[in-house]
**Q** 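Questions regarding the structure given below will be posed in turn.
Excluded from the calculations below are hydrogen atoms, water molecules and symmetry mates; all remaining heavy atoms, backbone and side chain alike, are included. All chains are named by letter (A, B, ...) in the order of the sequence lines, taking the proteins before the strands, and each is independently numbered beginning at 1.
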Amino acid sequence: MTFRAQVYEITKKIPRGKVATYGQLAKLAGKPKAARAVGSLMRTNPNAPRTPCHRVVARDGSLTGYSGKGGITGKKSMLLNEGVLFKKNKVNLKLSHWLPKKSFGI
DNA sequence: GGCCTGACTTTAG
DNA sequence: GCTAAAGCCAGGC
């Protein structure tokens, strides 16, 4: 299992109405400091429809990137549609932050 | 295999 | 609260 596959698998496990951070995914994938790489993987994700990359936000809840349709705006709209709460222009992590399982069978 | 880039994160000013 | 700089990692050329 490559780091990339790990990130995609974990991202697909993010429940509807919740969000995770790049650093969080990196940590779960085994590379606590690979948040930047995670962002790159999302940007070049070969399986966009299968990977809910719109549920991945920055550490403070800011919506960054998103190469999909609608850009940041579309990303925000999808999150709102899934029940993710927002605080101004950022995600309310206090209420919508995903609490991951202990292990993914790595 | 080496260099450049970037959807990150943290610390300092 | 905002801007700048440094550290880290994988992908693409």
**Q** With nearest nucleotide decided by heavy atoms, which residue, S40(A) or T21(A), maps closer to the 5′ end of DNA chain B?
**A**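 The answer here is S40(A).
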**Q** Under 3.5 Å, side chain of T51(A) to main-chain N/O of Y8(A), donor-acceptor pair present?
**A**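 Checked: no pair found.
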**Q** Grab the CZ-C1' distance between R4(A) and dA7(B) for me, whole Å please.
**A**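 The answer, rounded to whole Å, is 15 Å.
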**Q** Using a 4.0 Å heavy-atom cut-off, does A37(A) contact any base of the nucleic acid, only the sugar-phosphate backbone, or nothing at all?
**A** base
**Q** Round to the nearest Å and state the distance from K27(A) atom NZ to dC8(C) atom C1'.
**A**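 The answer, rounded to whole Å, is 16 Å.
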**Q** Report yes if a donor N or O on one partner sits less than 3.5 Å from an acceptor N or O on the other, where the partners are the side chain of Y66(A) and the base of dA7(B); otherwise report no.
**A** no
**Q** Without decimals, in angstroms, what is the distance between I14(A) CD1 and dA7(B) C1'?
**A** 13 Å
**Q** K18(A) vs E82(A), test: salt bridge (Lys or Arg N to Asp or Glu O under 4.0 Å). Steps then yes/no.
**A** CA-CA 8 Å; K18(A) 293 288 183 178; E82(A) 294 185 348; over 6 Å; no
**Q** Rounded to the nearest Å, what distance is computed from the OH atom of residue Y22(A) to the P atom of nucleotide dT10(B)?
**A** 14 Å
**Q** From the set dG12(C), dA7(B), dT9(B), return the single nucleotide nearest to any side-chain atom of R43(A).
**A**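 Out of dG12(C), dA7(B), dT9(B), the nucleotide with an atom closest to R43(A)'s side chain is dA7(B).
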**Q** Counting only side-chain N and O atoms of R36(A), is one of them less than 4.0 Å from OP1 or OP2 of dT9(B)?
**A**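 For R36(A), the contact criterion (side-chain N or O under 4.0 Å from OP1 or OP2 of dT9(B)) is not met.
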**Q** Between M42(A) (CE) and dG6(B) (C1'), how many Å, whole number?
**A**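 My rounded result for the distance is 14 Å.
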**Q** Check the distance between dG7(C)'s C1' and K31(A)'s NZ and give it to me in whole angstrom.
**A** 15 Å
**Q** Test your reading of the model: is there a side-chain donor-acceptor pair from K75(A) to the backbone of T64(A), 3.5 Å cut-off?
**A**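 The answer is yes, because a donor-acceptor pair under 3.5 Å joins these two groups.
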**Q** Counting the atoms with a prime plus P, OP1 and OP2 as sugar-phosphate, which does R59(A) contact under 4.0 Å by heavy atoms, base, sugar-phosphate, or nothing?
**A** sugar-phosphate
**Q** Contact class for F3(A) (heavy atom, under 4.0 Å): base, sugar-phosphate, or nothing?
**A**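 Answer is sugar-phosphate: F3(A) comes under 4.0 Å of backbone atoms only.
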**Q** Quickly work out the K69(A) NZ to dA7(B) P distance and round it to whole Å.
**A** 22 Å
**Q** Evaluate whether atom NZ of K31(A) has more than 12 neighbouring non-hydrogen atoms of other residues, nucleotides or ligands under 6.0 angstrom away.
**A** no
**Q** Does T44(A) contact dG11(C) through a side-chain donor or acceptor facing the base, at a distance under 3.5 Å?
**A**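 Such a pair does not exist between side chain and base.
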**Q** Rounded to whole angstroms, how far apart are CG on L93(A) and P on dT9(B)?
**A** 10 Å
**Q** Measure from the side-chain N and O atoms of Q24(A) to the backbone N and O of L99(A), and report whether any donor-acceptor pair falls under 3.5 Å.
**A**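 Here the side-chain-to-backbone pair does not exist.
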